[in-house]
Amino acid sequence: KQEGQPFPQFNFTDINGKEYSNKSIQGKTVIVKCWLIACAVCVREFPELNALVDIYKDREDLIFLSLAKDDDTELIKFLQKKPFLYEVVGNQSDFMNDELAIREFPIHYVINKDGIIERVFQSVRGIEDFLDKLTVQNKTDESIALPSPGPSLLEG
């Protein structure tokens, strides 16, 4: 139901103090993971998600953001034992319940460059496939760009 809808209005500050808002993500594709520490499946997929972040770390048009139900202090302590490379925003129970109506975890959203929810996945596998297709699409878009014209034969 959420695919094709705008991602709800937000202003988040991650556990490192970096701020995110609908305005700050414009023009970027954002992968959002919703999770909580007590969700074993959520934590079990960290290594695969970390691998994705590593693969796409040089892509300035991609943001990997996670919303967690747990508070920042708990998250910081937990993440020292279980590293997670997404940007982590704590204390998001109300947003996930009220704005996103999430009832099970983990849930992954892909927000396109226009702020629209393009896809919703329950597993990392869907995200991998989506990013692969996005990469192929970007390469195709670059390859069909017209070359810049060289000097005119009439000029010299």
Roughly how far apart are [X] [atom1] and [Y] [atom2], rounded to 0.5 Å?
| X | Y | atom1 | atom2 | answer |
| --- | --- | --- | --- | --- |
| D129 | R119 | CG | CZ | 9.0 Å |
| L49 | L85 | CG | CG | 9.5 Å |
| K81 | I37 | NZ | CD1 | 9.0 Å |

Qualifying disulfide bond (SG atoms under 2.5 Å apart) pairs, either residue in residues 35-103, two or more places apart:
C39-C42
If you look only at pairs with a residue in residues 90-121, which of them pass as a disulfide bond (SG atoms under 2.5 Å apart), with sequence neighbours excluded?
none
Is the shortest side-chain heavy-atom distance between [X] and [Y] below 4.5 Å?
| X | Y | result |
| --- | --- | --- |
| L52 | I127 | yes |
| E3 | E118 | no |
| I31 | Y86 | yes |

According to the salt bridge (Lys or Arg N to Asp or Glu O under 4.0 Å) rule, which pairs have a member within residues 10-22, sequence neighbours left out?
none
Which residues share a salt bridge (Lys or Arg N to Asp or Glu O under 4.0 Å) with E99, sequence neighbours left out
none
Worked check of side chain to side chain contact (heavy atoms under 4.5 Å, CB included) between F46 and L79:
CA-CA 11 Å; F46 279 12; L79 294 169; 4.0 Å; yes
Please report the closest heavy-atom contact between R103 and N97, naming both atoms and the distance.
NH1-O, 3.8 Å
Nearest heavy-atom contact between G90 and L75 is CA-CD1, 3.4 Å
Sequence neighbours left out, what passes side-chain contact (heavy atoms from CB on, under 4.5 Å) with [X]? Give chain and number order.
| X | value |
| --- | --- |
| D114 | N112, I116 |
| I76 | I15, Q80 |
| K57 | D54 |

For E104, enumerate each residue passing the side chain to side chain donor-acceptor pair (under 3.5 Å) test, keeping only those at least two apart in sequence or located in another chain.
Q122
Just to verify, what does E128 make a side chain to side chain donor-acceptor pair (under 3.5 Å) with, not counting sequence neighbours?
R125
Supply the members, apart from I102, of the Ile/Leu/Val/Met/Phe/Trp/Tyr cluster built from side-chain contacts under 4.5 Å; use none for a lone residue.
F7, F10, F12, Y20, I25, V30, V32, L36, I63, L65, L67, V89, F95, M96, L100, F105, I107, Y109, I111, I117, V120
Sorted by chain and number, sequence neighbours left out, ring-ring contact (aromatic ring centres under 6.0 Å, His included) with F121 holds for none
Same cluster for I55 and F130 if Ile/Leu/Val/Met/Phe/Trp/Tyr side chains link at under 4.5 Å?
yes
Which side-chain hydrogen bond (donor to acceptor under 3.5 Å, both in side chains) pairs, counting each pair once, include a residue from residues 23-47, with sequence neighbours left out?
K33-E45, W35-S66, E45-H108
List the steps, then state whether side chain to side chain contact (heavy atoms under 4.5 Å, CB included) holds for F64 with Y56.
CA-CA 10 Å; F64 292 90; Y56 295 100; 4.1 Å; yes
